[in-house]
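Some notes on the structure that comes next.
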Amino acid sequence: MKADAVSSTLSSQHPWPGLAAYDEASTDYFHGREREADALLQRILLAPLTVLYGRSGLGKSSLLMAGLFPRLREHAMLPVYLRLDFSAQAMGGPLQQAERLLDQAIADAGLEAPPRAADESLWHWLHRRDFELWSADNRLWTPVLVFDQFEELFSRTGGDDARIGAVFDALADLAENRIPHELADRREGRDQLDLSTQRYRMLLSFREDFLPDVRVWERKVPSLLRNDMRLVAMTRAQAVEAVQRAGAQVLADGVAPKLVDFVGGLGGSAPGRKGTGGARREAQATGPVTIEPALLSLCGAQLTQRLAPGRKIDAKLIAEAGEDMLQDFSRRALAG
């Protein structure tokens with residue numbers, strides 16, 4: 001239920017996490033996505049449900065944890081990171097897992113919350129009239145339930161339509177502010193609920209190739225894709241800025257653009273480079289230059305590992321390392 005993140009292991013001498021995601025503790029090294037983080041924040045402030053999607057490798061988890069989460073806290077919004085286990089072997093259903101992670105996030109933030117009964121559902125608790133989260137400085141906070149890598153609902157359930165449907169039904173009740181079926185006929189305790197407001201926000205993040213699977217559920221969740229954002233690859237300018245700011249202590253003067261163009265030749269589109277992706281990059285050659293953030297971080301991490309004491313990443317080191325960096329990384333990863 002946790003992301004493959006890097007915690008606080010990054011430093012000025014090792015500012016890139018490789019293929020791991022940036023987390024909130026490493027936000028000082030996460031650059032180049034400020035515009036996207038601001039746009040995502042505005043969507044969350046405006047609507048109860050936000051959807052983020054994009055191709056694999058574009059850094060959706062990093063954008064959420066290192067880009068969005070600090071911004072949410074500035075607005076007294078509590079990010080609750082939810083990568084749920086949708087397998088049959090999971091300890092508790094998805095909403096029960098979300099309850100536990102919400103409890104932990106509230107405790108970690110030192111917020112005061114009303115107690116929840118052992119058998120009380122997440123929907124019921126969030127809609128109680130007394131549901132409020134207060135900080136020690138008397139500030140009211142709003143929880144934001146962030147369901148990351150939500151495509152695993154489809155990929156980890158073995159195509160079990162009943163299980164998938166049950167999860168979407170529960171999320172639909174939360175997103176659309178509907179009374180769940182099991183509570184609709186109960187009048188007892190109705191006066192304890194506030195059905196007119198939503199004192200929480202939700203965000204679903206998933207891989208773009210699962211968009212058709214998600215779209216099937218628009219009938220049950222009409223607001224599902226009304227407030228969506230598609231994440232695209234970095235522009236060259238974004239990538240150069242990200243590299244320069246994160247790697248200020250390990251990069252030689254003027255080498256950031258060279259590193260970005262080298263990475264563009266491997267996995268994005270860059271002038272004069274074919275790299276290892278041949279046909280796709282040849283087709284992109286006449287279009288905008290774009291950079292794969294995952295490859296940018298991986299190459300940066302590989303280069304810092306090759307640095308001799310007192311040396312900085314320069315054009316010579318990039319040329320020496322070349323595309324062997326990816327092969328060396330693959331060999332070491334497979335060796336384990």
Side-chain angles (χ1 to χ4, degrees), residues 1-4 47-56 60-61 64 79-105 116-128 131 143-190 193 195 198 200-230:
M1 289 185 285
K2 294 182 179 180
D4 297 326
L49 176 63
T50 302
V51 164
L52 172 69
Y53 62 90
R55 289 189 292 104
S56 179
K60 294 183 294 298
S61 296
L64 292 173
V80 184
Y81 184 82
L82 305 171
R83 182 180 176 184
L84 304 180
D85 184 353
F86 295 107
S87 70
Q89 295 74 36
M91 295 182 61
L95 270 296
Q96 287 71 43
Q97 297 175 47
E99 291 170 7
R100 294 197 299 268
L101 292 169
L102 173 57
D103 288 342
Q104 187 61 55
R116 182 175 68 243
D119 60 346
E120 187 173 11
S121 70
L122 181 62
W123 189 96
H124 190 281
W125 191 52
L126 291 174
H127 285 84
R128 274 173 34 185
F131 177 78
V144 182
L145 307 178
V146 180
F147 296 84
D148 192 19
Q149 303 197 33
F150 191 67
E151 71 273 6
E152 293 179 351
L153 171 62
F154 307 100
S155 64
R156 298 286 178 90
T157 53
D160 188 332
D161 290 339
R163 287 171 56 203
I164 294 172
V167 172
F168 261 106
D169 286 344
L171 293 180
D173 292 336
L174 284 169
E176 302 296 330
N177 214 27
R178 291 197 298 250
I179 301 177
H181 176 72
E182 62 271 16
L183 298 177
D185 297 329
R186 287 172 50 184
R187 297 297 172 186
E188 181 182 358
R190 183 69 65 89
L193 301 177
L195 306 179
Q198 284 176 279
Y200 56 90
R201 291 288 189 268
M202 298 171 59
L203 184 148
L204 304 183
S205 175
F206 52 85
R207 277 177 18 209
E208 185 171 346
D209 46 317
F210 283 85
L211 183 59
D213 299 272
V214 173
R215 194 178 292 278
V216 168
W217 293 93
E218 280 187 282
R219 181 179 58 83
K220 286 194 173 185
V221 194
S223 63
L224 188 57
L225 294 173
R226 288 178 187 166
N227 188 39
D228 64 327
M229 175 175 158
R230 180 176 183 251

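Scope of the values below: all heavy atoms of this structure, side chains included, with no hydrogens, waters or symmetry mates.
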Donor-acceptor pair, distance only, cut-off 3.5 Å: does the side chain of [X] make one with the backbone of [Y]?
X      : Y      : answer
Lys60  : Gly54  : yes
Asp228 : Val51  : no
Gln198 : Ala175 : yes

Exercise for review: Would you tell me whether Asp173 and His181 have side-chain atoms, one donor and one acceptor, within less than 3.5 Å of each other?
Suggested key: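 Side chains of Asp173 and His181: no pair found under 3.5 Å.
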Evaluate the side-chain proximity of [Y] to [X]: yes if any heavy-atom separation is below 4.5 Å, no if none is.
X      : Y      : answer
Leu225 : Arg215 : yes
Val221 : Leu171 : no
Phe147 : Leu84  : yes

Exercise for review: Test Leu49 against Asn227 for side chain to side chain contact (heavy atoms under 4.5 Å, CB included), laying out the working first.
Suggested key: CA-CA 7 Å; Leu49 176 63; Asn227 188 39; over 6 Å; no
What is the distance from atom [atom1] of [X] to atom [atom2] of [Y], rounded to the nearest 0.5 Å?
X      : Y      : atom1 : atom2 : value
Ile179 : Leu195 : CD1   : CG    : 4.5 Å
Leu122 : Gln97  : CG    : CD    : 12.5 Å
Arg201 : Leu145 : CZ    : CG    : 11.0 Å
Leu193 : His127 : CG    : NE2   : 8.5 Å

Exercise for review: Kindly write out the residues that satisfy salt bridge (charged side-chain N to carboxylate O under 4.0 Å, His left out) with Glu151, not counting sequence neighbours, or none if the list is empty.
Suggested key: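 Not a single residue meets the salt bridge (charged side-chain N to carboxylate O under 4.0 Å, His left out) criterion with Glu151.
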Exercise for review: For Phe150, check ring-ring contact (aromatic ring centres under 6.0 Å, His included) against everything at least two apart and list the hits.
Suggested key: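 By the ring-ring contact (aromatic ring centres under 6.0 Å, His included) rule, Phe150 matches Phe168.
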Of all the heavy-atom pairs spanning [X] and [Y], show the shortest one and how long it is.
X      : Y      : value
Phe86  : Thr157 : O-CG2, 3.4 Å
Leu95  : Ala170 : CD2-CB, 3.8 Å
Arg178 : Pro222 : NH1-CD, 4.3 Å
Val80  : Ala105 : CG2-CB, 4.0 Å
Gln149 : Ser61  : NE2-OG, 3.7 Å

**Study point:** Worked verdict on Leu101 versus Tyr81 for side chain to side chain contact (heavy atoms under 4.5 Å, CB included)
**Key:** CA-CA 8 Å; Leu101 292 169; Tyr81 184 82; over 6 Å; no
Practice item. Just jot down the side-chain hydrogen bond (donor to acceptor under 3.5 Å, both in side chains) partners of Ser223, sequence neighbours excluded, or say none. Key: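 Residues passing side-chain hydrogen bond (donor to acceptor under 3.5 Å, both in side chains) with Ser223: Glu176.
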Point to revise | Set of residues satisfying side-chain hydrogen bond (donor to acceptor under 3.5 Å, both in side chains) with respect to Ser87, sequence neighbours excluded | key: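 Only Asp85 meet the side-chain hydrogen bond (donor to acceptor under 3.5 Å, both in side chains) criterion with Ser87.
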Below 3.5 Å, can you tabulate the donor-acceptor pairs from side chains in residues 203-212 to any protein atom, sequence neighbours excluded?
residue : atom : partner : partner atom : Å
Ser205  : OG   : Asp148  : OD1          : 3.4
Arg207  : NE   : Asp209  : OD1          : 3.2
Arg207  : NH2  : Asp209  : OD2          : 2.7
Glu208  : OE1  : Arg230  : NE           : 3.3
Glu208  : OE2  : Arg230  : NE           : 3.0
Glu208  : OE2  : Arg230  : NH2          : 3.3

**Study point:** Pairs involving residues 160-171, ordered by first then second residue, that meet salt bridge (charged side-chain N to carboxylate O under 4.0 Å, His left out) (sequence neighbours left out)
**Key:**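 For residues 160-171, and leaving out neighbouring residues, the salt bridge (charged side-chain N to carboxylate O under 4.0 Å, His left out) pairs sorted by first residue read Asp169-Lys220.
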Review point. Should Val167 and Trp217 be marked as a side chain to side chain contact (heavy atoms under 4.5 Å, CB included) after you check the CA-CA gap, both sets of side-chain angles, and the distance that decides it?
Key: CA-CA 11 Å; Val167 172; Trp217 293 93; over 6 Å; no
Review point. Quick one: do Glu120 and Arg116 make a salt bridge, cutoff under 4.0 Å?
Key: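 Looking at Glu120 and Arg116, the cut-off is not met.
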Review point. Would His124 and Phe131 count as a close aromatic pair, with their ring centres under 6.0 Å?
Key: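 They do not qualify: ring centres at least 6.0 Å apart.
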